[in-house]
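Everything below concerns the one structure shown next.
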Amino acid sequence: MHPMEILTPWTGEILVLSMLLVLNARIFWTRRTRIDALSLLGPFSVLTVLFEILAWGIRFSNVAILALALVCALANYRSVVRFSQSLFVDTYSVKFFVASALLLAITIFFLAVEIKGRPVRLQTRRYNVKIEREYFSAPLLSDSFELKKAKEAYDRRNMSLYTFSNKDGSQKKDGVILFVPDVLAESLAYEPYFILLARKGWTVLSADLYDLNIKSADGLKKTKFLRRASLLWDYFSSGGIEGVRKQKGKESRSRLFHEVYESSYRALKKIAEERYPGKKILVAADSSAFLPEAKLRTIFSDADFLNLQRVHEYKTPGFGFVPQTNPFFSWFFLGIRRDKTSFEPSWCATQTIKILEQEGEM
């Protein structure tokens, strides 16, 4: 494991839009007698956004940026061919100049939206927190639950484990928080909450688990790339923005993804027992990921439990702290604007610590 400053999908999207900005703006400074190497930014931008989708999953923003990148790459196809033949820049036609100017305007608009909706980041260096990410292959509710850590990038894996902890060993508490996100979100949607907990000395383990079996339609919806997109589409098509806000289908989500949730708890328990033996455990989850407490007791015989949705000040149950981690989504779908104060994750962290300190008796 290696300490890291977590990048976000926003980082990749800004990189792609920056390439498209240079690609379309080059018509104002590239002249004859020069080889147009900048035309390669078209295919490079398409590849970059495809890698970004593979890394973070399908998002409305990266789909829109992918469409823009494809149009820009096609518009610059002739320039790429001329570059591959080591030909100098030909005179830009009026049509190409107008098309590039129009695409430049669209790119600037996308950049403005991205910058306006940029995530509110809590810098790990400032809060003395380190983040570690690992990948595992985890079975879904098998009789012999065995975790296999992925050693190579191409290893078959369906679970990402994030560990948030305090860099200062003297600050660490004698307790571990195990967190399971709702399937509408992912661990990084709760990043500010985890960082604030780790700042106080608590170690947080959060798991994103996906189904590797895609033989059925339900299995397909449980995969990394389509799960969140398909669920959001169901919500949006069934009730528009209001349908999303009312969190329709919470019970059906809990039933449909029961195996994913329970396997996540079992995986976290196994890892916690191996790495933090004897430490007090708090099990936390969001919205539909919080299974009935009687069921959780069969997995964790001696642990405290917290359903993040029960914290009254938490306004976006199921989606994580999107006013900080994905402000554009928060505003467009939920009608909640970007919150640079990080009040909600801070308050939720305070309430979580109260449970640990009062009920945990540490």
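All values below were derived from every heavy atom in this structure, side-chain atoms included, with hydrogens, water molecules and symmetry-related copies excluded. None of the values given here were measured: they were computed from a predicted structure. Counting from 1, the numbers follow the sequence of the chain as shown.
Remark: K295 pairs with E262 by the side chain to side chain donor-acceptor pair (under 3.5 Å) rule, at least two apart or across chains. When the side chain to side chain donor-acceptor pair (under 3.5 Å) test is applied to S301, no partner is found at least two apart in sequence or on another chain. Legend: residues meeting ring pair (Phe, Tyr, Trp, His ring centres under 6.0 Å) with F321, ordered by chain and number and at least two apart, are Y193, Y314. Listed by chain and residue number, nothing satisfies the ring pair (Phe, Tyr, Trp, His ring centres under 6.0 Å) test with F110 (two or more places apart in sequence, or in another chain). Judged as a side chain to side chain contact (heavy atoms under 4.5 Å, CB included), and not counting sequence neighbours, the contacts of T325 are A189, P192, V322. Not a single salt bridge (Lys or Arg N to Asp or Glu O under 4.0 Å) links R337 to another residue, sequence neighbours left out. Remark: D168 engages no residue in a salt bridge (Lys or Arg N to Asp or Glu O under 4.0 Å) (not counting sequence neighbours). Applying the side chain to side chain donor-acceptor pair (under 3.5 Å) criterion to E313, with sequence neighbours excluded, gives W347. The side chain to side chain contact (heavy atoms under 4.5 Å, CB included) search around Y276 returns T163, V176, T203, L205, K279, not counting sequence neighbours. Applying the side chain to side chain donor-acceptor pair (under 3.5 Å) criterion to D339, with sequence neighbours excluded, gives Q324, T341. The salt bridge (Lys or Arg N to Asp or Glu O under 4.0 Å) check on E114 picks up nothing, with sequence neighbours excluded.
Residues S187 and S206 come closest through the heavy atom pair OG-OG, 2.7 Å. In terms of heavy atoms, L197 sits closest to A349 at CD2-O, 3.7 Å. Minimum heavy-atom separation, P181 to A289: O-CB, 3.4 Å. Pairing each heavy atom of N166 with each of A198, the nearest pair is ND2-O, 3.1 Å. Of all heavy-atom pairs spanning L296 and L291, the tightest one is CD1-O, 3.6 Å. V80 approaches P43 most closely through the heavy-atom pair CG2-CD, 4.3 Å.
One distance of note links OG of S61 with CH2 of W10; it measures 12.0 Å at 0.5 Å rounding. To the nearest 0.5 Å, atom OG of residue S342 and atom CD of residue E191 are 10.0 Å apart. Annotation: the span from N76 atom CG to L20 atom CG amounts to 9.5 Å, rounded to 0.5 Å. Between the CD1 atom in I177 and the CG atom in L282 there is a gap of 5.5 Å [rounded to 0.5 Å]. Distance OG1/T316 to CD/E344: 5.5 Å, rounded to 0.5 Å. Atoms CG and CG, on L21 and L41 in that order, are 10.5 Å from each other to the nearest 0.5 Å.
Side-chain atoms of R118 come within 3.5 Å of backbone N or O of I115 as a donor-acceptor pair. Using a distance-only test at 3.5 Å, with no hydrogens or angles considered, no donor-acceptor pair links the side chain of D286 to the main chain of P317.
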Passes side chain to side chain contact (heavy atoms under 4.5 Å, CB included), W202 versus I353? Steps please.
CA-CA 9 Å; W202 307 101; I353 290 172; 3.5 Å; yes
Let's go through Y162 and F194 carefully: what are the C-alpha distance in whole Å and the side-chain angles of both, what is the deciding distance for ring pair (Phe, Tyr, Trp, His ring centres under 6.0 Å) to 0.1 Å, and is it a yes or a no?
CA-CA 10 Å; Y162 293 89; F194 297 154; 8.5 Å; no
Go through the steps for F290 and Y261 under the test ring pair (Phe, Tyr, Trp, His ring centres under 6.0 Å), then give the verdict.
CA-CA 8 Å; F290 192 84; Y261 288 145; over 10 Å; no
Show your reasoning for whether side chain to side chain contact (heavy atoms under 4.5 Å, CB included) applies to L111 and I14.
CA-CA 7 Å; L111 266 173; I14 286 293; 4.0 Å; yes
Could you walk me through whether F28 and F97 satisfy the ring pair (Phe, Tyr, Trp, His ring centres under 6.0 Å) test, starting with their C-alpha distance in whole Å, then the side-chain angles of each, then the deciding distance to 0.1 Å, before giving a yes or no?
CA-CA 9 Å; F28 296 108; F97 190 93; 5.6 Å; yes
Carefully, step by step, assess E13 and N62 under the rule side chain to side chain contact (heavy atoms under 4.5 Å, CB included).
CA-CA 7 Å; E13 291 165 6; N62 58 31; 3.9 Å; yes
Run T11 and L15 through side chain to side chain contact (heavy atoms under 4.5 Å, CB included) and show every step you take.
CA-CA 6 Å; T11 311; L15 175 61; over 6 Å; no
Can N24 and S100 be said to form a side chain to side chain donor-acceptor pair (under 3.5 Å), step by step?
CA-CA 5 Å; N24 294 311; S100 294; 4.7 Å; no
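Within the 4.5 Å cutoff, side-chain heavy atoms of L334 are placed close to those of F319. Using a 4.5 Å heavy-atom cutoff, the side chains of F179 and L268 are not in contact. Counting only heavy atoms from C-beta outward, the side chains of N158 and Y135 never approach each other to under 4.5 Å. In this structure, L23 and L38 have side chains that are not in contact, with every pair of non-hydrogen atoms separated by 4.5 Å or more. When side chains are defined from C-beta on, L306 does not count as touching V283, because their heavy atoms never get closer than 4.5 Å. Put simply, the side chain of I271 does not reach to within 4.5 Å of the side chain of E273, judged on heavy atoms. R26 has its side chain within reach of S79: a pair of non-hydrogen atoms, C-beta onward, lies under 4.5 Å apart.
With hydrophobic clusters built from ILVMFWY side chains whose heavy atoms lie under 4.5 angstrom apart, L17 does not share a cluster with L74. No single ILVMFWY cluster, assembled from side-chain heavy atoms under 4.5 Å apart, contains both V120 and V113.
E134 has a carboxylate O that lies under 4.0 Å from a charged side-chain N of R275, or vice versa, which qualifies the two as a salt bridge.
Other residues, nucleotides and ligands contribute at most 12 non-hydrogen atoms within 6.0 Å of the CZ atom of F51. Counting non-hydrogen atoms of other residues, nucleotides and ligands closer than 6.0 Å to NZ of K167 gives a total above 12. Annotation for K269: atom NZ counts as buried by contact number, over 12 foreign heavy atoms lying within 6.0 Å.
Checking R338 against N326 by side-chain atom types alone, no donor-acceptor pair falls below 3.5 Å. In this model, a donor atom of one side chain and an acceptor atom of the other lie less than 3.5 Å apart for D182 and S288.
Within the structure, side-chain hydrogen bond (donor to acceptor under 3.5 Å, both in side chains) contacts touching residues 39-48 (residues at least two apart or in different chains) do not occur.
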